[in-house]
Amino acid sequence: MQNKLFYILALSSVIFGSCKKGYLDVNEVNPNQTENPPINGLLASVTYQTGLNIYRAGNVTSYYVQQLASPNASSGSDIYDNVDRSSLWFVVATPTSGNAGGGFYNTIGDIRVMQEKAIANNGFQHIGVAKVLEAINMSTLIDLFGDAPYTEAFNPTDFTPKYDKAEDIFNACIKLLDEAIVEFNKANPAIKLDASSDLIHGGVISAWIKTANALKARLLNRLSKRSSYSPTTILAALANAYASNNDDAQLTKFTGRSPWNQAAYNNTQLLLDGWMSEQFIDHLDGTTYGVFDPRIKYITDTTKFGDYRGTPNGKGRIGTGTNKEESYLSVNGFYSKSGAPLLLVTYAEMKFIESEASFATDKTRSYNAYLAGIAANMDKLGVTAVEKNTYLANPAVAVGVAAFTKDLIFKEKYTAMFLHPEAWTDARRYDYKYKDFTLPFNALLSTFIRRVGYPSTETDRNGENVPAVASLADKLWWDQ
């Protein structure tokens, strides 16, 4: 499998160099590269890069929600500086260094190439996957940046595409998911998904249908502040989504170390990375809520003092950074152990969405879904049955239907969405109302961050179309 993944990265470089992607194509075309990459090679590339894109986004947003913190004082991500996020927009392929390219636009460009091939060959399954992957990549991008090029973004003759409204792109993503389900249900595809090339669901079509519905539920739940919010539609999507942790969409095969394992390993080599935020440690160790969450043991290690200690965002490390004075991502932790999965969409997330969507109309269902979401996440992390049952029985957690509040849903979902960019979506929908949640030290904004600024690659090359951003505290359309 490792050799196959090295092939994937090489192929991805070929694809990026040879496919004409309009204003995104900054590389010269190599005449020795193939103009006709195989469809299942493309499948491997786009499923792999989609997982990495979720990681890349999470590696930004985890600092915004104070799950991670920089060991250095006044680090840009900690203090809401307008850090250049060009690597999220696109990652240039560099075959000599092993970088296969990536980022949202490069990945979607390759997805579209795969879809064109599939359409020409009645590859309904590949078309369905293409639509799901375009939806997850594009919806994640607009959740960070807002308005973005879309309808003109993949025209090879247009180097300055217009920006579409994020709400229009959002609606297009919902449509893509509906269309994907139609494609998956078509009989007799002329070509089928190669299981070894589908790095997310191993070629299982029923799993892709569940993921399409799960993503639809996630996106529709993003509208909780809008008059168009429809719990009924969300619950209908959930009915056809995940039934257990076994359904989760995740990436488990990597060319080297999995990304968060690399961060944890870097820290052991004194390349400081993967430091736990004081806010998140306090959230779990009983400081904030008066109940010890056993999941902390499956994420990080104790310090040399025998306790858990986080780093205050914006303030930087207290100790040397080399002697376990503070807690970091553990090389043995669920999210950062060797081969740790990159989670794209999970059953636990779906249970919390169900809890939120049913809260106003069926509080008993909402409460039970909340408890099921906690249990599912604990099972995923490998928490023992004794630890799980003890936590679920704690009066601060098992409050009963009458005392159950939405605050508890957001509190528990914040834990379950550790390192995932959707955690930042939730924080903004919730207006950062987590108990004792404070601004970072030395924050450049007087309130919590709400958006990412446009990358320099856009302002330099397509500046005439880039929307003005007055402040990173400006709310995106769904957050108003």
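Keep in mind that this is a model prediction, so the values were computed, not measured.
Every residue two or more places apart in sequence or in another chain that forms a side-chain hydrogen bond (donor to acceptor under 3.5 Å, both in side chains) with Lys380 is listed here: Asp248, Gln250. Partners of Asn442 according to the side-chain hydrogen bond (donor to acceptor under 3.5 Å, both in side chains) rule, which considers only residues two or more places apart in sequence or in another chain, are Ser74. Partners of Ser77 by side-chain hydrogen bond (donor to acceptor under 3.5 Å, both in side chains), not counting sequence neighbours, listed by chain and number: Arg85. In this structure, Phe352 has no ring-ring contact (aromatic ring centres under 6.0 Å, His included) partners at least two apart in sequence or on a different chain. Residues satisfying the ring-ring contact (aromatic ring centres under 6.0 Å, His included) criterion with Tyr430, sequence neighbours excluded, are Phe410, Tyr434.
Using a 4.0 Å cut-off between a side-chain N of Lys or Arg and a carboxylate O of Asp or Glu, Asp426 and Lys413 qualify as a salt bridge. Ion pairing between a basic and an acidic side chain is recognised when a charged N comes within 4.0 Å of a carboxylate O; Arg112 and Glu134 show such pairing. The existence of a salt bridge linking Glu412 and Lys351 is excluded, since no basic side-chain nitrogen approaches an acidic carboxylate oxygen closer than 4.0 Å. At a threshold of 4.0 Å, the pair Glu325-Arg317 does not count as salt-bridged, since none of the basic side-chain nitrogens sits closer than that to a carboxylate oxygen. Residues Arg309 and Glu326 are not paired through a salt bridge, judged by the lack of any N-O separation under 4.0 Å between the basic side chain and the carboxylate. For Arg428 and Asp143, the salt-bridge test passes: some basic side-chain N is under 4.0 Å from an acidic carboxylate O. A salt bridge is absent between Glu387 and Arg295; no separation between the charged side-chain nitrogens and carboxylate oxygens falls under 4.0 Å.
Residues Leu88 and Ala57 share a closest heavy-atom pair of CD2-N, 3.7 Å. Closest of all the heavy-atom pairs between Leu235 and Ser358 is CD1-CB, 4.4 Å.
Here Asn221 contributes atom CG and Met350 contributes atom CE; the two are 8.5 Å apart, rounded to the nearest 0.5 Å. Rounding to the nearest 0.5 Å places OG1 of Thr140 at 4.0 Å from CD1 of Ile54. Residue Asp164 holds its CG atom at 11.5 Å from CG of Asn171, rounded to the nearest 0.5 Å. Ile181 contributes atom CD1, which lies 6.5 Å from atom NZ of Lys216 (distance to the nearest 0.5 angstrom). How far CD1 of Ile281 is from CG of Asp307: 9.5 Å, rounded to the nearest 0.5 Å. Between atom CG of residue Asn137 and atom CD of residue Gln49 there is a gap of 9.5 Å, rounded to the nearest 0.5 Å.
Taking the six-membered ring where tryptophan is involved, the planes of His283 and Phe280 are essentially parallel, since the angle between them stays under 30° and well short of 60°. Classified by interplanar angle (parallel below 30°, tilted 30° to 60°, perpendicular above 60°), the ring pair Tyr328/Trp275 is tilted.
Judged by distance alone, the side chain of Ser75 and the main-chain N or O of Asn72 form no donor-acceptor pair under 3.5 Å. A donor-acceptor contact shorter than 3.5 Å is absent between the side chain of Arg451 and the backbone of Lys475. A side-chain donor-acceptor contact under 3.5 Å links Asn394 to the backbone of Ala396. In this structure, the side chain of Lys253 does not engage the main chain of Leu199 through any donor-acceptor pair within 3.5 Å. Put simply, the side chain of Ser471 gets close to the backbone of Ala473: a donor and an acceptor are under 3.5 Å apart. With hydrogens and angles ignored, the 3.5 Å screen pairs a side-chain donor or acceptor of Tyr414 with a backbone N or O of Val65. With Asn267 contributing its side chain and Ala263 its backbone, the two residues share no donor-acceptor pair below 3.5 Å. With hydrogens and angles ignored, the 3.5 Å screen pairs a side-chain donor or acceptor of Thr346 with a backbone N or O of Glu349.
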Given Gln279 and Thr438, is the side chain to side chain donor-acceptor pair (under 3.5 Å) satisfied, shown in steps?
CA-CA 8 Å; Gln279 293 275 12; Thr438 58; 3.0 Å; yes

With side-chain contact (heavy atoms from CB on, under 4.5 Å) as the test, would you mind laying out the steps for Val399 and Tyr367 before giving the verdict?
CA-CA 9 Å; Val399 297; Tyr367 180 67; 4.1 Å; yes

Should Tyr335 and Leu343 be marked as a side-chain contact (heavy atoms from CB on, under 4.5 Å) after you check the CA-CA gap, both sets of side-chain angles, and the distance that decides it?
CA-CA 9 Å; Tyr335 296 96; Leu343 307 181; 4.1 Å; yes

Evaluate the criterion side chain to side chain donor-acceptor pair (under 3.5 Å) for residue pair Thr47 and Asp198; output intermediate values, then yes/no.
CA-CA 6 Å; Thr47 50; Asp198 175 2; 4.9 Å; no

Checking Thr300 against Ser330 for the side chain to side chain donor-acceptor pair (under 3.5 Å) test, could you report, in this order, the C-alpha distance in whole Å, the side-chain angles of both residues, the deciding distance, and whether it holds?
CA-CA 5 Å; Thr300 188; Ser330 171; over 6 Å; no

Quick one, Ser456 with Asp84, criterion side chain to side chain donor-acceptor pair (under 3.5 Å). Give me CA distance, side-chain angles, the key distance, then yes/no.
CA-CA 6 Å; Ser456 62; Asp84 188 0; 2.5 Å; yes

Tell me, with the steps shown, if Tyr64 and Trp424 meet ring pair (Phe, Tyr, Trp, His ring centres under 6.0 Å).
CA-CA 7 Å; Tyr64 294 163; Trp424 190 35; 4.9 Å; yes

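Within the structure, no pair that satisfies the salt bridge (Lys or Arg N to Asp or Glu O under 4.0 Å) test touches residues 265-283, not counting sequence neighbours.
The aromatic ring centroids of Phe359 and Tyr370 lie 6.0 Å or more from each other. Between Trp89 and Tyr105, the gap from one ring centroid to the other is short of 6.0 Å. Taking the six-membered ring for Trp and the full ring otherwise, the centers of Phe90 and Phe104 sit at least 6.0 Å from each other. Between Trp478 and Phe170, the ring centre distance reaches or exceeds 6.0 Å. Between Tyr432 and Phe448, the ring centre distance stays below 6.0 Å.
Other residues, nucleotides and ligands contribute more than 12 heavy atoms inside 6.0 Å of the NZ atom of Lys411. Open room surrounds NZ on Lys175; 12 or fewer heavy atoms of other groups in view lie less than 6.0 Å from it. Annotation for Lys388: atom NZ counts as buried by contact number, over 12 foreign heavy atoms lying within 6.0 Å.
Proximity of Asn82 to Leu472: side-chain heavy atoms (C-beta onward) are separated by under 4.5 Å at one or more points. Between Asn465 and Asn462, some side-chain heavy-atom pair lies under the 4.5 Å cut-off. Counting heavy atoms from C-beta outward, Leu176 and Val132 have side chains that stay 4.5 Å or more apart. Residues Arg429 and Asp479 have side chains not in contact (no heavy-atom distance under 4.5 Å, counting atoms from C-beta outward). No side-chain heavy atom of Tyr48 sits less than 4.5 Å from a side-chain heavy atom of Ile200. For the pair Tyr63 and Asn59, the minimum side-chain heavy-atom distance is below 4.5 Å. Contact of the Leu344 side chain with the Thr211 side chain is not registered, since no non-hydrogen atoms from C-beta on lie closer than 4.5 Å. Residues Ile136 and Thr50 are in side-chain contact: their nearest non-hydrogen atoms beyond the backbone lie under 4.5 Å apart.
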